[in-house]
Amino acid sequence: MKDDLGQILKNAIERIEKIPTTTILKLLETLNIERERFLDLFNFALRRAVCIVDKNCNPYYYNDLCLKWGIMYRDEEKKLMYNSTFLDTIKSVIFKVNEERLNYYSVNVSVGTGEGSSAILGERFFRVECSTKNFSEFFVIISDITYESLESINRYQEDSIASLSNVVYGIAHEIKNPLSAIYLHANVVKKMIEKSKVDRNYVSTEINIILSEIDRLNRIVNDLMFSLRPYKYKEKYENINDIVKEVVEVFLPEMREKMISVEIMSDESIPLVLCDRDLIKQVFQNLLKNSIEALSDSGGNIWVKTYFHSRVDGDFVVVEFKDNGVGIPDEIKHRIFEPFFTTKENGNGLGLSIVYRIIKAHKGFIDFHSKKNETVFRVFLPVSVGVRELGYNRKQ
């Protein structure tokens, strides 16, 4: 936009002594009209409440939306006042910017704008942004994000309902199969008894199947309850290498039968970890079982590795499970920790979701990467402050 008025003003300043008073007044009037026009255009385009204030929230400038939205209002004596919630919020963002010497900071706030006649809105959601250059004047922009927030809430509710539907469907699907088997085999035994043709061996086999299916139901219910309710942890300092070796020993017969080779690479110098041994064992069992199932019946390789890893956010003992199996398809990678999500024919989809929950409860985290012929899961378990204070300070 060509700034003709700016050039006129520059020329006027250079020749101010030679310009008649009437011309100067005319120029000032034009400047004021242009200022009003600019502010109208600015406010129309911005569609946000804007104010410039000092560190005590005394305004140097504010636009009409500050009054229309009830951010500010005039009392009976025409004195400019703030809505108390907005005032507290603006003060807090200015304090944050000033205290931490930030150039920009923002917060979202829910506000009931009921103070004053200009406050025409009920409870709404706003974003309050603050920026500054000199830390004496603060530029505050307030945006009405009510509909944006309501859409987010609606999306969250829809996602929650969809997630709950998946959980209910998963429970129904998992429980239906063993219940059907129990019904079928119990009915066979009942008919044999009714016909007085009781074959002890046959009945014993049928009852064992029924008990097995009941046990399967118990496992499903227990896994579900664990994934949903808080758990009381029994924490002790444990040697993670010992837990890894114990878990591998359990699966050795199955791996030998499937011609799977396993290699354990233990760092014997890693520190003890404060954890619930049974739960961490459950984590390793799930991950090792997944590696076994990812390999074909013709064999494959699994590597289990422990080591120490230091990060900006703390020190960790890492347990890594690696296999050269089929890998995880890209399209489902983002879902593998979801409850009841599974691609296995007989899986209940709770294994990895429970793994994730256990690791989170131990204030650790888990990550993975996967491609064809290589999948790696890494469990990060934090080294406690007490262990660090005892002098364990090994570099990565």
Side-chain angles (χ1 to χ4, degrees), residues 1-7 9 28-159:
M1 178 173 133
K2 190 175 179 182
D3 190 7
D4 293 331
L5 188 60
Q7 187 60 45
L9 184 59
L28 291 174
E29 184 182 344
T30 303
L31 283 173
N32 188 52
I33 292 170
E34 288 298 314
R35 172 185 173 276
E36 294 294 335
R37 187 170 72 90
F38 171 78
L39 289 176
D40 285 344
L41 287 171
F42 173 76
N43 291 327
F44 176 78
L46 192 62
R47 295 180 186 275
R48 290 169 173 82
V50 177
C51 58
I52 302 172
V53 300
D54 64 18
K55 64 180 180 180
N56 296 316
C57 285
N58 297 313
Y60 297 118
Y61 166 81
Y62 57 91
N63 67 356
D64 289 343
L65 284 182
C66 288
L67 296 173
K68 288 181 179 179
W69 287 357
I71 297 163
M72 300 173 180
Y73 65 96
R74 294 196 178 276
D75 63 11
E76 294 177 356
E77 298 176 357
K78 302 300 181 183
K79 184 179 178 181
L80 189 66
M81 306 290 288
Y82 279 95
N83 171 288
S84 58
T85 305
F86 274 118
L87 180 60
D88 291 340
T89 304
I90 294 171
K91 280 184 175 179
S92 70
V93 295
I94 289 175
F95 178 81
K96 178 81 171 178
V97 167
N98 212 26
E99 187 74 10
E100 300 186 16
R101 312 307 283 177
L102 304 173
N103 295 118
Y104 173 83
Y105 183 68
S106 73
V107 296
N108 293 345
V109 62
S110 171
V111 181
T113 54
E115 300 178 38
S117 58
S118 295
I120 61 173
L121 301 176
E123 183 169 75
R124 301 187 71 88
F125 300 96
F126 295 89
R127 179 174 297 119
V128 180
E129 302 171 85
C130 178
S131 61
T132 186
K133 282 188 175 181
N134 53 23
F135 297 97
S136 61
E137 296 177 346
F138 299 88
F139 189 62
V140 179
I141 298 178
I142 301 170
S143 311
D144 186 347
I145 58 168
T146 301
Y147 297 109
E148 177 186 325
S149 299
L150 289 176
E151 286 175 8
S152 298
I153 292 170
N154 289 336
R155 282 197 300 271
Y156 174 78
Q157 290 175 335
E158 289 171 3
D159 290 344

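The chain is numbered in sequence order, starting from 1.
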Practice problem: Start with the C-alpha gap between Leu67 and Leu80, add the side-chain angles, then the distance that decides, and say whether side chain to side chain contact (heavy atoms under 4.5 Å, CB included) holds. | Solution: CA-CA 10 Å; Leu67 296 173; Leu80 189 66; 4.2 Å; yes
Self-check item: Interatomic distance, Asn83 atom CG to Met72 atom CE [nearest 0.5 angstrom]
Solution: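 If I round to the nearest 0.5 Å, the distance is 11.0 Å.
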Quiz prompt | Between SG on residue Cys51 and OH on residue Tyr60, distance to nearest 0.5 Å | solution =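 Cys51 atom SG to Tyr60 atom OH measures 12.0 Å (nearest 0.5 Å).
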Exercise. Taking the side chain as every heavy atom from C-beta outward, state whether Ile90 and Val128 have any pair of such atoms under 4.5 Å apart.
Key: yes
Quiz item: In chain order, what residues pass the side chain to side chain contact (heavy atoms under 4.5 Å, CB included) check against Asp88, with sequence neighbours excluded?
Solution: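 With neighbours one apart ignored, the set is empty.
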Self-check item: With sequence neighbours excluded, residues passing side chain to side chain contact (heavy atoms under 4.5 Å, CB included) with Lys133
Solution: none
Quick one: closest heavy-atom pair of [X] and [Y], and the distance?
{"X": "Thr132", "Y": "Phe138", "result": "CB-CD2, 3.7 Å"}
{"X": "Ile71", "Y": "Ala49", "result": "CD1-CB, 3.3 Å"}
{"X": "Arg48", "Y": "Asn63", "result": "O-ND2, 2.9 Å"}

Practice problem: Using the test salt bridge (Lys or Arg N to Asp or Glu O under 4.0 Å), find all partners of Glu100 that sit at least two apart in sequence or belong to another chain. | Solution: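 With sequence neighbours excluded, Glu100 shows a salt bridge (Lys or Arg N to Asp or Glu O under 4.0 Å) to Lys96, given in chain and number order.
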Quiz prompt | Donor on one side chain, acceptor on other, Ser143 and Arg127, under 3.5 Å | solution = no
Can you list the residues that meet the side chain to side chain donor-acceptor pair (under 3.5 Å) rule with [X], with sequence neighbours excluded?
{"X": "Tyr104", "value": "Glu129"}
{"X": "Tyr62", "value": "Arg74"}
{"X": "Asp54", "value": "Asn58"}
{"X": "Asn56", "value": "none"}

Quiz item: Would you say Phe135 has more than 12 foreign heavy atoms packed within less than 6.0 Å of its CZ?
Solution: yes
Exercise. Evaluate the criterion ring-ring contact (aromatic ring centres under 6.0 Å, His included) for residue pair Phe126 and Trp69; output intermediate values, then yes/no.
Key: CA-CA 10 Å; Phe126 295 89; Trp69 287 357; 5.8 Å; yes
